[in-house]
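Data block below; observations after.
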There are 2 protein chains.
Amino acid sequence: MEPSREEVQERMDRFTQTMRDSGTRLTHQRMEIFCEVARTGGHPDAEMVFRRVRKRMTTVSLDTVYRTLWMLNDMGLVTTLGPQRGRVRFDANASPHHHFVCTKCGMVGDFNSREFDDLEVPEEVSRMGDVATTQVQLRGLCSRCQKKESKE
Amino acid sequence: MEPSREEVQERMDRFTQTMRDSGTRLTHQRMEIFCEVARTGGHPDAEMVFRRVRKRMTTVSLDTVYRTLWMLNDMGLVTTLGPQRGRVRFDANASPHHHFVCTKCGMVGDFNSREFDDLEVPEEVSRMGDVATTQVQLRGLCSRCQKKESKE
DNA sequence: TTCTAAATAGGTAATATTCTTAACTAGGAA
DNA sequence: TTCCTAGTTAAGAATATTACCTATTTAGAA
């Protein structure tokens, strides 16, 4: 599941380009941290990234890893699995439904779609396990955050 | 967005039935906690549930709320938004892809599907905000957890 | 090279979640 | 009903996770 050498290179290029374009400093730490996530096939958490990066940069701090990861997230260079930072949130709606998640404020809206409910699961997935539910997650800026942004 | 009275009643019935079937005790606390989540349109976190339930049961503890919510989750009566308990996880894969999430161990597997990439966003959602990405989340038991279960 | 705003390390603080244990109670048995 | 007890709870302590503070360092501009 590791990305190919070319894939990793491509991600690194996108990273440096995006950083330059937005005028954000390209520090050694940031490069190491992004590189670590980019070349990992899985979905590491901050602690894992920290441990791996520290092997090469013994002084890096966990706080820097967190700060950098969330910054990368804000810039769209990495994504988080599930909603944004914060607490676990629960949902008692047992009937099939789907979510729109605001990538900025974490607001979650429910919606229904017959089409989404009835998606056919790819063969590839059956090797991973038994699928019980299907849920579509749409991510983007909610209208409230849009208004805020346009004011600035 | 609040569920209708009938909808709440239906959820409560399902709750008591499932609890009885599994031989789990129907305590006052559990009923209040489930009821609180069931009648909330949104997606409350444990702290919110705790604050609301405490208004009626002044002695309930936060720990009980957590324990109960995770128990309800295990029984399939509520779901969590995003992956299971634990840390935030990051993903540097910028190209569109989708996830299979194990509801037991939290294992996440990636997969690709042209069909899923090109889903058409329902009109209803455009009122919530601007959709940037579409991601399908399939949930179920991964093969490893299946094997573990069948052993028991 | 020098300068300066931005970023970092390391310690500390704040949150979020879970564990421990003694006391309590729901629900079955008598 | 009353008694019994395994399962459940409250409360506080312990962990885990994430964010803040400040002196120091550094990337990138001039």
Side-chain angles (χ1 to χ4, degrees), chain A residues 15-37 43-51 53-75 77-78 80-90 105-106, chain B residues 15-34 36-37 43-75 77-78 80-90 105-106:
Chain A
F15 163 71
T16 49
Q17 194 55 55
T18 309
M19 293 291 274
R20 288 231 175 79
D21 290 351
S22 71
T24 315
R25 285 194 183 169
L26 255 178
T27 64
H28 192 41
Q29 287 90 338
R30 287 174 175 174
M31 292 184 64
E32 290 289 355
I33 289 166
F34 180 77
C35 183
E36 194 54 58
V37 183
H43 308 94
D45 59 37
E47 181 78 26
M48 275 190 233
V49 175
F50 173 60
R51 278 204 307 270
V53 169
R54 197 166 45 170
K55 284 183 187 163
R56 276 165 288 137
M57 291 186 65
T58 49
T59 65
V60 75
S61 74
L62 181 57
D63 184 43
T64 298
V65 173
Y66 272 106
R67 249 185 304 106
T68 303
L69 287 172
W70 286 118
M71 185 204 66
L72 293 169
N73 180 62
D74 290 344
M75 301 180 90
L77 288 164
V78 305
T80 58
L81 298 193
Q84 304 306 99
R85 61 191 92 188
R87 309 167 181 188
V88 178
R89 297 168 66 176
F90 298 85
C105 70
Chain B
F15 163 72
T16 49
Q17 194 55 55
T18 309
M19 293 290 276
R20 287 232 176 80
D21 290 352
S22 70
T24 314
R25 284 195 184 168
L26 255 178
T27 64
H28 192 41
Q29 288 90 337
R30 287 173 176 175
M31 291 184 66
E32 290 289 354
I33 289 167
F34 179 77
E36 194 53 57
V37 182
H43 308 95
D45 59 39
E47 181 78 27
M48 276 189 231
V49 176
F50 172 59
R51 278 205 306 271
R52 289 180 197 158
V53 169
R54 197 167 45 172
K55 284 182 188 165
R56 275 165 290 139
M57 291 187 64
T58 50
T59 65
V60 74
S61 75
L62 181 58
D63 183 45
T64 296
V65 173
Y66 272 107
R67 248 185 306 104
T68 304
L69 287 172
W70 287 119
M71 186 206 66
L72 293 170
N73 180 62
D74 291 344
M75 300 179 92
L77 289 165
V78 305
T80 59
L81 298 193
Q84 303 305 98
R85 59 189 92 188
R87 309 166 180 189
V88 178
R89 297 167 67 176
F90 297 85
C105 70

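Letters A, B, ... mirror the listed sequences (proteins, then strands); counts begin at 1.
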Spell out, as yes or no, whether a donor-acceptor pair under 3.5 Å connects the side chain of A:R89 to the backbone of B:H43.
yes

Just how far, in rounded Å, is P of C:dA7 from CD1 of A:I33?
13 Å

Spacing of CG belonging to A:D45 relative to OH belonging to A:Y66, to within rounding of 0.5 Å
7.0 Å

Taking atom C1' of D:dT17 as reference, at what distance in whole Å does atom CD of B:E47 sit?
16 Å

Evaluate whether atom CE of B:M31 has more than 12 neighbouring non-hydrogen atoms of other residues, nucleotides or ligands under 6.0 angstrom away.
no

Contact letters for nucleotides 24-30 of chain D, in which S counts primed atoms plus P, OP1 and OP2 and B counts the base, heavy atoms under 4.0 Å
--BBS--

From CE of A:M31 over to C1' of C:dT8, roughly how many Å is that when rounded to an integer?
17 Å

DNA chain C-proximal residues of residues 59-68 of chain B, any heavy atom under 4.0 Å
B:L62, B:D63, B:Y66

In Å, rounded to the nearest 0.5 Å, how long is the span from CE of B:M19 to CG of B:L26?
5.0 Å

Any B:W70 side-chain nitrogen or oxygen under 4.0 Å from OP1 or OP2 of C:dT18:
yes

CG on B:L72 to CZ on B:R30, rounded to 0.5 Å
8.5 Å

note: B:M57, atom CE; C:dT25, atom C1'; distance rounded to Å ~ 12 Å

In this structure, how many angstroms lie between the C1' atom of D:dT18 and the CZ atom of B:F90, rounded?
10 Å

Whole Å only: how far is the CE atom of B:M71 from the P atom of D:dG7?
14 Å

Neighbour count above 12 (heavy atom, 6.0 Å) for B:R20 CZ:
no

Within this structure, what is the CZ-CD1 distance for the pair B:R67 and B:I33, rounded to the nearest 0.5 Å?
8.5 Å

When rounded to the nearest 0.5 angstrom, what is the spacing between OG1 in B:T68 and CE in B:M71?
5.5 Å

Report the distance from atom CG of B:L69 to atom CG of B:L77, rounding to the nearest 0.5 Å.
11.5 Å

Whole angstrom is fine here: how far is it from CG in B:L69 over to P in C:dT18?
10 Å

Whole-Å distance, A:M19 CE to C:dA6 P, equals 14 Å

